[in-house]
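By convention here, the first residue in the shown sequence is residue 1. No experiment lies behind these values; they were computed from the predicted model shown.
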Amino acid sequence: MVAVLLSVPAGVVFPAGASGSAVGAPLKLATWNMGWLTSRPAGDPGLPDGIYRRNDADIERLAAYADRLDADIIGFQEVDGAAIAARVFRAPRYRIIMSGDHVTQQTGVAIRGSLSVTVHPPVTALNVYPPSAPHPLRSGLDITVSDGTASLRLLVIHLKTGCYDNPWTERQHACPTLKSQFAVLDDWALERSDSGEAFAILGDFNRRMTPGDPFFLSLTRDTPLLLTTSGRASPCWGGEYFIDHILLGGPARDWLTAGSLRVMTYHDPGITPAQLSDHCPVSVRLALP
């Protein structure tokens, strides 16, 4: 039997399961854009033309990679609801919490049962488009997880595509929209810093950030942040620059286990990115106090 959380109101607390891990154990934190993971049929108005729809074998293959990833927390993107997410991140190991956006590409999180979870209101301000826009932007999923001793605030995001490495002064394409979304992230991070929380922002930033990137620097004006992908390139699908990142703030900056950044690549001859994902899971390990 699969336990699925179809909608989760803010303020709800999910206690840890009985089979909790030892207090102070390392925590593996991951982000994974799953590339239009949906069970909608061909021709559904919520899907662009030409989107590949996974079959049962594809879902089983993704679930096997999720088992291999073996992370305690996976923030994921481009997933069309909790039901299909739970086919990849399976109970009883994981619980699923979704953003609840009325879009096909939702953000969500899979959390190991040994952690307790508090759900906060979604960060809807990331939808910087006017109400009249035909395609709203995705909100951020805001939760706090705890192992019973330490707590970590998490914001799972999927930002506007199209401004991968354009200059800060770019006035066309997606860059003004992405800049507005970064301002929302800056406000959220500042609130966490002011309250003394350990926190992480993780997900698909759609930006090839470096420590000197002006978009990243705009987040650090008020709040120091650790860019865990700094100085690295991703081996995903033969090699690329990171657009999926994990940022750590507050006390969590000191929790990163040195050298723990990993990218889980795929090893299935003849299998295409459409059948798995055009993104690979990115993870780090944290040593909670």
Side-chain angles (χ1 to χ4, degrees), residues 21 24-35 37 61-79 85 88-90 93-97 107-115 117 140-141 143-147 150-159 198-210 216 225-249 251-268 273 276-288:
S21 57
L27 184 82
K28 187 174 182 180
L29 177 64
T31 182
W32 190 1
N33 182 319
M34 312 211 61
L37 181 60
R61 193 175 290 111
L62 282 170
Y65 276 109
D67 290 343
R68 176 184 162 200
L69 179 63
D70 195 28
D72 298 289
I73 303 169
I74 307 102
F76 53 80
Q77 304 83 40
E78 293 197 23
V79 176
V88 176
F89 306 104
R90 296 176 287 199
R93 175 183 289 187
Y94 291 113
R95 293 166 290 167
I96 306 296
I97 301 172
T107 55
V109 66
I111 301 181
R112 196 180 294 275
S114 57
L115 298 167
V117 187
L141 177 62
I143 63 172
T144 297
V145 298
S146 175
D147 66 352
S151 295
L152 179 66
R153 187 82 173 255
L154 296 172
L155 182 63
V156 183
I157 63 168
H158 186 185
L159 302 184
F199 66 92
I201 306 173
L202 65 159
D204 184 351
F205 286 74
N206 272 311
R207 180 74 187 178
R208 300 182 183 114
M209 291 193 297
T210 66
F216 176 69
L225 293 170
L226 178 62
L227 177 63
T228 62
T229 52
S230 175
R232 306 293 182 186
S234 171
C236 188
W237 293 112
E240 60 188 18
Y241 291 108
F242 281 106
I243 61 172
D244 303 291
H245 302 280
I246 300 174
L247 310 183
L248 301 176
R253 288 179 297 140
D254 298 323
W255 296 356
L256 179 66
T257 300
S260 66
L261 176 69
R262 294 289 184 273
V263 177
M264 189 183 73
T265 55
Y266 307 113
H267 301 281
D268 292 274
L276 289 168
S277 173
D278 53 346
H279 297 244
C280 297
V282 178
S283 66
V284 297
R285 292 187 182 272
L286 307 180
L288 275 61

Taken to the nearest 0.5 Å, the spacing of L62 CG from L69 CG works out to 11.5 Å

Testing the basics here: between G203 and Q77, what is the closest heavy-atom pair and its distance to 0.1 Å? CA-NE2, 3.4 Å

Which atoms form the tightest heavy-atom contact between I157 and G140, and what is the distance? CG2-CA, 4.5 Å

Given the options L152, D72, T257, L286 meets side-chain contact (heavy atoms from CB on, under 4.5 Å) only with L152

Minimum heavy-atom separation for V263 and S234, please, with both atom names. CG1-OG, 3.8 Å

Check side chain to side chain contact (heavy atoms under 4.5 Å, CB included) between S151 and all other residues, then give those that pass, not counting sequence neighbours. T144, S146

Nearest 0.5 angstrom please: E240 CD to D278 CG, how far? 8.0 Å

Can you name the closest pair of heavy atoms from M209 and L227 and give their distance? O-CD2, 3.8 Å

L37 side chain reached by F76 side chain, heavy atoms, under 4.5 Å: no

Under the side-chain hydrogen bond (donor to acceptor under 3.5 Å, both in side chains) rule, collect the residues that match up with D268, sequence neighbours excluded. Y65

Considering non-hydrogen atoms only, spot the tightest contact between A150 and L288 and give its length. CB-CD2, 4.0 Å

In chain order, what residues pass the side-chain hydrogen bond (donor to acceptor under 3.5 Å, both in side chains) check against D244, with sequence neighbours excluded? H279

Look only at the side chain of T31 and the backbone of V282, and say whether a donor-acceptor pair between them is shorter than 3.5 Å. no

Report the residues that fulfil side-chain hydrogen bond (donor to acceptor under 3.5 Å, both in side chains) with R90, sequence neighbours left out, ordered by chain and then residue number. E60, D67

So, taking the atom named CH2 in W237 and the one named SG in C280, what distance separates them when rounded to the nearest 0.5 Å? 7.0 Å

Identified side-chain contact (heavy atoms from CB on, under 4.5 Å) counterpart of I246 within the set L154, L226, L29: L29

Stepwise, does the side chain to side chain contact (heavy atoms under 4.5 Å, CB included) test hold for I143 with I111? CA-CA 11 Å; I143 63 172; I111 301 181; 3.5 Å; yes

Point-to-point distance, once rounded to the nearest 0.5 Å, from CG of L159 to CD1 of I201: 9.5 Å

Taking only residues two or more places apart in sequence, or in another chain, which ones meet A66 in a side chain to side chain contact (heavy atoms under 4.5 Å, CB included)? W32, V88, F89

Show your reasoning for whether side chain to side chain contact (heavy atoms under 4.5 Å, CB included) applies to W255 and L27. CA-CA 10 Å; W255 296 356; L27 184 82; over 6 Å; no

Taking atom OH of Y241 as the centre, does the number of heavy atoms from other residues, nucleotides or ligands within less than 6.0 Å exceed 12? no

Partners of D70 by salt bridge (Lys or Arg N to Asp or Glu O under 4.0 Å), sequence neighbours excluded? R93, R112

Under the rule for side chain to side chain contact (heavy atoms under 4.5 Å, CB included), what residues qualify as partners of R232, not counting sequence neighbours? F242, L261

Contacts of T229 that satisfy side-chain hydrogen bond (donor to acceptor under 3.5 Å, both in side chains) - sequence neighbours left out: H245

Non-hydrogen atoms of V156 and G108 that approach each other most closely: CG1-O, 3.7 Å

Restricting to pairs with a member in residues 199-210, which pass salt bridge (Lys or Arg N to Asp or Glu O under 4.0 Å), not counting sequence neighbours? D165-R208, R207-D213

